[in-house]
A.B. asks: 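Quick one: the structure is below, questions incoming.
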Amino acid sequence: MKAGRKLKVLQVTDALGGGVLSSVANICNYLDREYFEVVLVYTPREEAPPEEVLAGIFRPDVRRILVPARRGIDPLADLGTLRGYYRVMAAERPDVVHLHSSKAGFLGRMATFLTGVPKVFYSPRGFSFLRRDVSEWGRRLFWGLERFGASFPGVIVTVSGSEAEEALTLAPKSKVRLVENGIELAAIDQAVAGLGVPGPGESPVTIATVGRTTPQKVPMRTLDIIERVWRETGNQGGRRARFLWIGGGALEADLRIENELRREVVRRGMEDSFQVTGWIPRSDTWRSLYSETDIYL
């Protein structure tokens, strides 16, 4: 890098919502502006917040470029997305490209290869071939695509040991790195300032989990675990444990699962001890975890 010249970094994602949004926003906002210029390339899909909301999430100096993409595999639409990534990279001439999520990871690595980007990083944000809401054939196809994508130059950046193990089935160890997600400690401290924490021996014990009600979160398996604890605490003669699902449906498909979860809670007779909060602001999530939760699942 020449003296005085900043490195241009493109953060690219086709899934700007939920945890991906949180992580990408932290990376974009906290990269040192003395050394980096940051550009966000994203897809205006249904989970992406509207522009006025994004303006409050990302720093004003993060330029945002829209490239359309579709869910699932659609060869014609995917070719258009690849063309869009290629055009952006050819015009921006970035020093570094950081790709997030499966489709951006696959098409983006092809585009970086075609445009000669010198440094490429890919964060899967959950490998598609691990999904259980698609067929075995579909999972094999996703694995094959990930394996092919790993043949292009670039490093796979994982956020957990288990994700790193999966990445090593796709690429040699030299192309896999483990970098855990950063946490916005100052914002958490500000959100929970002045709140008390649950005291020892207070009842009922509150157990919480956080996330969208998506197939990846296996809500019914979580409910099975919770029901067992709920029945055991009742059988011991004390107050039954209380449960919080912090989050819920952000998209139409998530809302269907959330409503199914709520119905199943009632069917099992747990409605007095199990609450689904629905989609709430991140600061409210932090406050609930800090002041109400004894055990995190």
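For the numbers below, each heavy atom of this structure counts, side chains included, while hydrogens, waters and symmetry mates do not. For reference, positions follow the sequence shown, starting with 1.
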A.B. asks: In terms of the angle between their ring planes, are F127 and F129 parallel, tilted or perpendicular, with boundaries placed at 30° and 60°?
C.D. replies: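 Because their plane-to-plane angle is under 30°, the rings of F127 and F129 count as parallel.
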A.B. asks: Is atom NZ of K119 surrounded by more than 12 heavy atoms (other residues, nucleotides or ligands) closer than 6.0 Å?
C.D. replies: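 Atom NZ in K119 is not crowded, with 12 or fewer foreign heavy atoms closer than 6.0 Å.
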A.B. asks: Do other residues, nucleotides or ligands put more than 12 heavy atoms under 6.0 Å from the NZ atom of K175?
C.D. replies: yes
A.B. asks: Tell me if a side-chain donor or acceptor on S123 pairs with a main-chain N or O of R125 at a distance below 3.5 Å.
C.D. replies: no
A.B. asks: Might you confirm whether atom CZ of R262 has over 12 heavy atoms from other residues, nucleotides or ligands at distances under 6.0 Å?
C.D. replies: yes
A.B. asks: Residues in side-chain hydrogen bond (donor to acceptor under 3.5 Å, both in side chains) with T81, at least two apart?
C.D. replies: none
A.B. asks: In Å, rounded to the nearest 0.5 Å, how long is the span from CZ of F142 to CD1 of I73?
C.D. replies: 5.0 Å
A.B. asks: Would you give the length of the straight line joining atom CG of L168 to atom OG1 of T158, rounded to the nearest 0.5 angstrom?
C.D. replies: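 Interatomic distance, L168 CG to T158 OG1, rounded to 0.5 Å: 8.0 Å.
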A.B. asks: Can a salt bridge be assigned to the pair E136 and R140 using a cut-off of 4.0 Å between side-chain N and carboxylate O?
C.D. replies: yes
A.B. asks: Who passes salt bridge (charged side-chain N to carboxylate O under 4.0 Å, His left out) against R267, sequence neighbours left out?
C.D. replies: E264
A.B. asks: Has F113 got more than 12 heavy atoms of other residues, nucleotides or ligands less than 6.0 Å from its CZ?
C.D. replies: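 Counting neighbours around CZ of F113, 12 or fewer heavy atoms of other residues, nucleotides or ligands fall under 6.0 Å, so no.
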A.B. asks: OH of Y85 to CG of D78: how many Å apart, nearest 0.5 Å?
C.D. replies: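 Rounded to the nearest 0.5 Å, the OH-CG separation comes out at 9.5 Å.
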A.B. asks: Decide if atom CZ of R93 counts as having more than 12 heavy atoms of other residues, nucleotides or ligands within a radius under 6.0 Å.
C.D. replies: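 Counting neighbours around CZ of R93, 12 or fewer heavy atoms of other residues, nucleotides or ligands fall under 6.0 Å, so no.
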A.B. asks: How long is the straight-line distance from CZ of R64 back to CD1 of I57, given to the nearest 0.5 Å?
C.D. replies: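 Interatomic distance, I57 CD1 to R64 CZ, rounded to 0.5 Å: 9.5 Å.
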